[in-house]
2 protein chains.
Amino acid sequence: MTDTTSTNGQPPARLGADRLLDDLYSGGARICFANPGTTELSMVSSLARDGRIRCVLSLFEGVCTGAADGYARVSGKVPMTLLHLGPGFANGIANLHNARRAGSRIVNLIGDHATWHLEYDAPLTSDIHSLARPVSREVVYLDKTDTITDGVKAAFAATNREEGGAATIIFPTDVVDAPAAAGGDLVEEQAYQPSPVAEAALDTAAERLRDAAQVIVLIGGTALSEAGVRAGSALAEALGGRLLMEPYPAIVSLGGDLPMVERQAYFPDDVIAQMGEALVVLAGARMPVSYFGYEDWPSQLVPEERLVRLAAPGEDAVAALEAVASRLGQAGKDAPVVAPRQPVASPAADENLSPASVVEELLVQLPEDAVISLEGSTMGGPWLKQAHRAKKHRVITNTGGAIGQGLPCAVGAAIAAPEARVIALQSDGSAQYTLQSLWTMAREGLKVTVIIAANHRYAILQTELKRADIPLDDPVVSKLTDLDHPRVDWVALARGYGVEARHARTNGEMAEALREGLSLDGPLLIQAELP
Amino acid sequence: MTDTTSTNGQPPARLGADRLLDDLYSGGARICFANPGTTELSMVSSLARDGRIRCVLSLFEGVCTGAADGYARVSGKVPMTLLHLGPGFANGIANLHNARRAGSRIVNLIGDHATWHLEYDAPLTSDIHSLARPVSREVVYLDKTDTITDGVKAAFAATNREEGGAATIIFPTDVVDAPAAAGGDLVEEQAYQPSPVAEAALDTAAERLRDAAQVIVLIGGTALSEAGVRAGSALAEALGGRLLMEPYPAIVSLGGDLPMVERQAYFPDDVIAQMGEALVVLAGARMPVSYFGYEDWPSQLVPEERLVRLAAPGEDAVAALEAVASRLGQAGKDAPVVAPRQPVASPAADENLSPASVVEELLVQLPEDAVISLEGSTMGGPWLKQAHRAKKHRVITNTGGAIGQGLPCAVGAAIAAPEARVIALQSDGSAQYTLQSLWTMAREGLKVTVIIAANHRYAILQTELKRADIPLDDPVVSKLTDLDHPRVDWVALARGYGVEARHARTNGEMAEALREGLSLDGPLLIQAELP
């Protein structure tokens, strides 16, 4: 902490920046993912004077927002980001889009020009509101020092609405540079509480399910917790049905003694086949819709009459699942007996890697209570199909489809759960959008093992093109979907950022690299060469 | 090009995507900087069938938009970008902010969900309009196939308004997938034409200048061309005044037999001192304003009564400068005699590098007609102070302050001027935001020599903090402004992307690496270690 006495021996006056920080702290903020510029220097100075809030620097704003998202998902607490005007914030939008879909509670702080300077349209001036609105439950502009506390209250309150989300505070430099009284404890920390499902809705759901021939319990949101997975499974079991999870869970508990959870499929035809004729109970999950609109397929994949809307994303899905089970006379039943896990064993050491063999090796080595940050189709499907065979762990996925989430989320997860091992199971294409995350992993000494699934192409695009009968070997198509001229050397990139790294071409190399990575008290990157 | 016959031997129906491409082509688009996703695959397929438009893939959208900006500045033509929905576009906003300040003409294409799919709020749905508006002169939403041509016309027209800028076209997948007639030549290519300054305004300016004691001619926008620099210098000379340029020129011609141009300073106190009591003639430049608002300094740095508003950014400043000279009886005068250039010589080979010595070596080696993409304060000031001593060249700078512009702009410049040598003179901090540019340099074999000024800190922030008496050695301040735990190894990063690279610690190493870089038919990166 900086010496807070000024040159004349008097304690310096408290400024708006200090007040803002006091209020954020009393509201529960304990960490700040930052990439500051000139308009944020008063906040930097105040963070230095204050010393209570951990500051984590990243080289790119998308790392800050993605790390905040990962931190929020794992901890349930409210991190801050500190970003530079409209353009700096803009670089963080993609991962805030994912955070919005995940319901992650975040408070973004954006410095802006002094109120009296705005009209001069200096180079960095832009319409920050217009940029922030699509990814913020509320955008608060602090136009005067005496609105700071109300602004902070409004921001925290907004993060608690419905399923949660980010709020954005824009602070002009003159407001945070003006004298202000100390903040004290004016903002009260409010934990997130999903709202209860109405009794009548529980009754209706139970009635519809009582004699249903086929049932799928589709869990999402708060029902992705251990308690939710158990409650969902218990209800599905009682009804002779199946337990599914939404396709892109914000954070889901899997493995160990938890029942297996089937994942909702990706393509609309697959989802329709998967859902069959079942009644689909929505427990914290959104109704199944097609990820993109395809000409011959509907957007809504389960007709309204087969949906049982038990608990919306912001509602208490776990309690609702238990209440319905109780109404059906199944309350207090033990969770279903989990079939003994298939034994796991390392795949043949001298064979080349495949997504399946990477999964098998990770099943062998994954430590208890690990967190997996999963991004990309190459490993996403394969892991989630087998995750029940691993020790108990949590999986974070890309909720909003804005790519470049996996590595930053791993940063945030590792900071939120320093005792846990974090594995970033990551496609190479999407890893590029926020690869600067590696530097923050090295700087903070985070226990993250990054597995880059390197197939050197945009595999999901090639899958889509094949479905549309577009030839992949056309030179333009190849130029826009192949990443192999030149092939990226992830080992070199990682070392450039101070992260040790290994190539793995065979299962044996993978096993060895993974053992090394999981034993380190810091990050390691493994470039897994895949077909 | 793909075989355009379908399986039944009939030519396939033309689709909206083909129509859109026809119209863009007839409007003048010849290149597409792309990072497509699923919603853009119909455009990818159409680009493949068409084959007339060069497609350049980047691994991150900020590279696409920055490259489009560089291409537009150097060529004066209109490039396209192809980006994926709101989040993909969001990653390109920062460099579009700079493009807006530069008046770069660009047409952005953003794929969106099918019109009928939007209401289902699938994961990637977002408010694209709200994101695009702050960086677009016009946002066009193509809601029907028969609005495509009018939409494209509107987009190109918008890029020509005032000083130019980007327009954004959002195309839903169902609109580009629907059958459509061929486009033909319905959109006419319109070159950018600045509007003429009114005669009365020229008279007024001449009157005010006739007996002025001290004059500064401040050039910007179109007056940054060779003709503009000569015309500005001639007028300044005739009035016994000085020639200045705006602080962040979009693209300015310097060196060779061109008169020296002094750059407007950065900090408000410096600008005020620099402007003295002179009348300041605005010739394509915006009036001097403070980059940020500082408590004790005004935003407007030259009082209104000392401003001669000759030509606004969208007006023909070159003609206006010449017309005023003519009214003052100075027409047809030869451009002022340029003092013989100070001879250039390599600095002492065994001494460590400094920004000044990097500049001196570059003065020695810079080839005629090179383009320098300049970003960051470490090299920006030093180069622009000495640029008149180099051979004739053009300099691109960061017009909007959104960092991460330099490397992508170098990509676009090298594609626009394949015969020219491009030098990216780049600070290490800002290079991080779009380092994926290196991959596109390697992929396209671009003749770009990248000089990373590696001082491993956010130097501009430390300068600002010093001015505000905030101690740099405070642990929090250091953590948020020092980049040396760990130090980034740019040589490793470059090699990871397939770009050859060298470390340079001494002037001799710099000279050698630069000779190598400037002789290659492709990119080379030099990590210049600076204090």
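Reminder, nothing fancy here: chain letters follow the sequence lines and each chain counts from 1.
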Item to check | Parallel, tilted or perpendicular, as decided by the 30° and 60° cut-offs, for the rings of A:F60 and B:F60 | outcome: perpendicular
[X] (side chain) donor-acceptor with [Y] (main chain) under 3.5 angstrom:
X      : Y      : result
B:Q432 : A:Q436 : no
A:R495 : B:D489 : no
A:R101 : B:A122 : yes

Could you give the distance from [atom1] ([X]) to [atom2] ([Y]), rounded to the nearest 0.5 Å?
X      : Y      : atom1 : atom2 : result
A:L483 : B:L57  : CG    : CG    : 6.5 Å
A:W439 : B:H485 : CH2   : NE2   : 9.5 Å
B:L41  : A:E464 : CG    : CD    : 6.5 Å

Under 4.5 Å, counting heavy-atom pairs only, tell me which of [options] racks up the most with chain A.
options                       : value
B:L59, B:D177, B:D174, B:T115 : B:L59
B:G496, B:A114, B:G498        : B:G496
B:T481, B:I460, B:D121        : B:D121
B:I53, B:T125, B:D473, B:N398 : B:T125
B:S42, B:P134, B:A492, B:S130 : B:S130

Sort out for me which of [options] touches chain B most, counting heavy-atom pairs under 4.5 Å.
options                       : answer
A:L82, A:V289, A:V499, A:V56  : A:V289
A:R54, A:R100, A:E295, A:H117 : A:H117
A:V135, A:V476, A:V63         : A:V476

Is there side-chain contact between [X] and [Y], with at least one heavy-atom pair below 4.5 Å?
X      : Y      : value
B:L435 : A:L435 : yes
A:Y458 : B:N35  : yes
A:H113 : B:S299 : no
A:Y497 : B:P486 : no

Checklist entry - Which heavy atom in A:G293 sits nearest to a heavy atom in B:T173, and how many Å separate them? => result O-OG1, 4.3 Å
Item to check | Shortest non-hydrogen contact between B:D482 and A:R443, atoms and distance | outcome: O-NH2, 3.1 Å
Next on the checklist: Tell me every residue that passes ring-ring contact (aromatic ring centres under 6.0 Å, His included) with A:Y294, counting only those two or more places apart in sequence or in another chain.
Outcome noted: none
Checklist entry - A:S45 and side-chain contact (heavy atoms from CB on, under 4.5 Å): which partner among B:I470, B:L465, B:D469? => result B:I470
Next on the checklist: Under the side-chain contact (heavy atoms from CB on, under 4.5 Å) test against A:V44, which residue among B:L461, B:L480, B:D474 passes?
Outcome noted: B:L480
Could you tell me which portion of [X] (side chain, backbone, both or neither) has an atom closer than 4.5 angstrom to a non-hydrogen atom of chain A?
X      : value
B:W490 : neither
B:S290 : both
B:Q527 : neither

Item to check | Proximal component of A:Q462, with respect to chain B [non-hydrogen, under 4.5 Å] | outcome: neither
Output side-chain donor-acceptor pairs under 3.5 Å for residues 83-99 of chain B, partner residues at least two apart or in another chain, one line each.
unit_1, atom_1, unit_2, atom_2, d
B:H84, ND1, B:T39, OG1, 3.0
B:H84, ND1, B:E40, OE1, 2.7
B:N91, ND2, B:E61, OE1, 3.0
B:N95, OD1, B:N98, ND2, 3.2
B:N95, ND2, B:G62, O, 2.9
B:N95, ND2, B:G404, O, 3.0
B:H97, NE2, A:P123, O, 2.8
B:H97, NE2, B:G400, O, 3.2
B:N98, OD1, B:G400, N, 3.1
B:N98, OD1, B:G401, N, 3.2
B:N98, OD1, B:A402, N, 3.1
B:N98, ND2, B:A402, O, 2.7
B:N98, ND2, B:Q405, OE1, 3.4

